[in-house]
Amino acid sequence: MKAYLLTFVFLSSFSSLRNEAALSEAPEAWQAEALRLVNQARVRGCRCGNKRMSPAPVLRFSEHLTRIAKGHADYLRRRGYITHRGPGGTRVGQRASRAGYRWRVIGENIASGYNTPRAVVQTWLNSPGHCENIMDSQFSEMGIARAGNIYVQVLAKPMR
């Protein structure tokens, strides 16, 4: 009886840990809103400056890309200015590779001074280069993080 009870407790604990891990993969509300707005633009297609962008497949939320974005957002906040260069002059692809993310294509959008996901996404969509990143049909995943009012979005297609 004791062995059965211990097995049950162990398996219940394992199941609970698995459920907690699954929950950590879910975006926070503001991240879900940013993803929804980005995917809304991708599904509709849009104009990025003078360039008409065709509809693109929706992006999946990536916790791994979000951790990479968070590292850069925290770095930018500590530095006090916005740049795509990270510690040691690294670019997003280098930072992603160092974090163990194996990617085929990768891009990054950053912004500062906004208080809502809607304002940030709209600003990116109004900027031709940022908009083209969002609309790039090669990307299949998105991570987004903030530190204060600094936002970092990482878009990628992983190697499978």
Side-chain angles (χ1 to χ4, degrees), residues 14-46 48 53-79 82-160:
F14 179 74
S15 176
S16 174
L17 289 175
R18 219 176 53 230
N19 289 340
E20 287 175 24
L23 289 176
S24 72
E25 295 292 317
E28 294 180 25
W30 73 268
Q31 292 166 318
E33 176 66 0
L35 180 64
R36 185 188 70 76
L37 293 166
V38 164
N39 280 332
Q40 186 177 63
R42 285 175 65 92
V43 167
R44 279 193 325 249
C46 68
C48 297
M53 303 299 288
S54 298
V58 297
L59 299 171
R60 291 182 311 274
F61 180 78
S62 167
E63 183 65 35
H64 199 165
L65 291 177
T66 294
R67 285 191 303 272
I68 294 162
K70 180 64 172 153
H72 194 54
D74 289 343
Y75 172 79
L76 295 177
R77 187 170 189 202
R78 285 191 308 274
R79 299 291 289 190
I82 301 298
T83 177
H84 287 284
R85 298 280 186 168
T90 57
R91 296 254 184 211
V92 64
Q94 293 167 302
R95 293 189 301 272
S97 294
R98 287 180 182 171
Y101 186 89
R102 297 184 61 222
W103 54 274
R104 289 190 186 280
V105 291
I106 196 161
E108 176 181 70
N109 286 335
I110 58 177
S112 177
Y114 301 94
N115 295 318
T116 66
R118 180 173 296 282
V120 172
V121 171
Q122 192 57 57
T123 297
W124 285 332
L125 290 171
N126 290 339
S127 167
H130 294 99
C131 180
E132 287 180 28
N133 260 355
I134 287 173
M135 296 303 298
D136 190 328
S137 64
Q138 295 180 89
F139 296 135
S140 60
E141 296 184 345
M142 177 185 120
I144 189 166
R146 66 181 178 199
N149 67 358
I150 297 170
Y151 290 78
V152 176
Q153 176 190 45
V154 179
L155 305 142
K157 178 177 184 172
M159 285 192 203
R160 296 277 183 218

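All heavy atoms count here, side chains included; hydrogens, waters and symmetry mates do not.
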Visitor: Look at the side chain of Arg146 and the backbone N and O of Ala73, then say whether any donor-acceptor pair between them is shorter than 3.5 Å.
Guide: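 No; zero donor-acceptor contacts below 3.5 Å.
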
Visitor: Would you confirm whether Arg95, through its side chain, and Thr90, through its main-chain N or O, come within 3.5 Å as a donor-acceptor pair?
Guide: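 Indeed, once roles are kept as given, a pair shorter than 3.5 Å links the two residues.
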
Visitor: Would you say that Leu125 contacts Ile134 through its side chain, given a criterion of any heavy-atom pair below 4.5 Å between the two side chains?
Guide: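 Yes, side chains in contact.
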
Visitor: Begin with the C-alpha distance, continue with both residues' side-chain angles, and end with the deciding distance and a verdict on side chain to side chain contact (heavy atoms under 4.5 Å, CB included) for Val92 and Val154.
Guide: CA-CA 8 Å; Val92 64; Val154 179; 3.9 Å; yes

Visitor: When rounded to the nearest 0.5 angstrom, what is the spacing between CZ in Arg91 and OG in Ser97?
Guide: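 So the gap between those two atoms works out to 14.0 Å.
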
Visitor: Of all the heavy-atom pairs spanning Ala145 and Ala69, show the shortest one and how long it is.
Guide: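 Nearest heavy atoms, Ala145 then Ala69: CB-C, 3.7 Å.
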
Visitor: List the atom pairs, with distances to 0.1 Å, where a side-chain N or O of residues 117-124 and a protein N or O form a donor-acceptor pair under 3.5 Å, not counting sequence neighbours.
Guide:
residue	atom	partner	partner atom	Å
Gln122	NE2	Asn126	OD1	3.1
Thr123	OG1	Tyr114	OH	3.4
Thr123	OG1	Ala119	O	2.8
Trp124	NE1	Ile110	O	3.2

Visitor: Quick one: CG on Leu155 to CZ on Arg42, what's the gap to the nearest 0.5 Å?
Guide: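 It is 7.5 Å, given to the nearest 0.5 Å.
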
Visitor: Do Cys131 and Cys46 have their SG atoms less than 2.5 Å apart?
Guide: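 No, no disulfide: SG-SG not under 2.5 Å.
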
Visitor: When you measure from the side chain of His72 to the backbone N and O of Thr83, does any donor-acceptor pair fall under 3.5 Å?
Guide: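 Such a contact is found between His72 side chain and Thr83 backbone.
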
Visitor: Check the pair Lys70 / Asp74 against salt bridge (Lys or Arg N to Asp or Glu O under 4.0 Å), numbers first and verdict last.
Guide: CA-CA 6 Å; Lys70 180 64 172 153; Asp74 289 343; 3.0 Å; yes

Visitor: Supply the atom-to-atom distance Gln31 CD to Glu63 CD, rounded to the nearest 0.5 angstrom.
Guide: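 Going from CD on Gln31 over to CD on Glu63, the span is 7.0 Å.
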
Visitor: Please answer whether the main-chain N or O of Ala156 pairs with a side-chain N or O of Arg104 as donor and acceptor at a distance below 3.5 Å.
Guide: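 Here the side-chain-to-backbone pair does not exist.
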
Visitor: Working to the nearest 0.5 Å, report the span between CZ of Phe61 and CD of Glu28.
Guide: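 The distance works out to 8.0 Å.
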
Visitor: How long is the gap from CG on Asn109 to OG on Ser127, to the nearest 0.5 Å?
Guide: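 So the gap between those two atoms works out to 7.5 Å.
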
Visitor: Side chain of Asn39, backbone of Leu59: donor and acceptor closer than 3.5 Å?
Guide: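 Side chain of Asn39 to backbone of Leu59: a pair is present.
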
Visitor: Determine whether a donor-acceptor pair (N or O, by modelled atom type, separation under 3.5 Å) exists between the side chain of Arg60 and the backbone of Glu141.
Guide: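 It does not hold such a pair.
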
Visitor: Taking all heavy atoms of Ile68 and all of Ala99, pick out the closest pair and write down the distance.
Guide: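 Closest heavy-atom pair between Ile68 and Ala99: CG1-CB, 3.8 Å.
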
Visitor: Can you confirm whether more than 12 heavy atoms, excluding those of Lys157, are under 6.0 Å from its NZ atom?
Guide: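 No - once you tally the heavy atoms of other residues, nucleotides and ligands closer than 6.0 Å, there are 12 at most.
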
Visitor: If you count the non-hydrogen atoms of other residues, nucleotides and ligands that lie under 6.0 Å from CD in Gln138, is the total more than 12?
Guide: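 Result for CD/Gln138: open.
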
Visitor: Taking the side chain as every heavy atom from C-beta outward, state whether Pro158 and Ser140 have any pair of such atoms under 4.5 Å apart.
Guide: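 Side chain of Pro158 against side chain of Ser140, heavy atoms only: contact under 4.5 Å found.
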
Visitor: What's the spacing between Asp136 CG and Ile106 CD1 if we round to 0.5 Å?
Guide: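 It comes to 12.0 Å.
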
Visitor: Quick one: closest heavy-atom pair of Gln153 and Val38, and the distance?
Guide: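 So the minimum-distance heavy-atom pair works out to NE2-CG2, 3.6 Å.
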
Visitor: Where do Val152 and Glu108 come nearest, in terms of heavy atoms and distance?
Guide: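 Looks like CG1-OE2, 3.9 Å.
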
Visitor: Quick check: closest heavy atoms across Pro128 and Cys48, and the distance to 0.1 Å?
Guide: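 Looking at all heavy atoms of both residues, the shortest contact is O-CB, 3.9 Å.
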
Visitor: Answer yes or no: is there a side-chain heavy-atom contact under 4.5 Å between Ile150 and Ser112?
Guide: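 Heavy-atom side-chain distance check passes, below 4.5 Å.
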
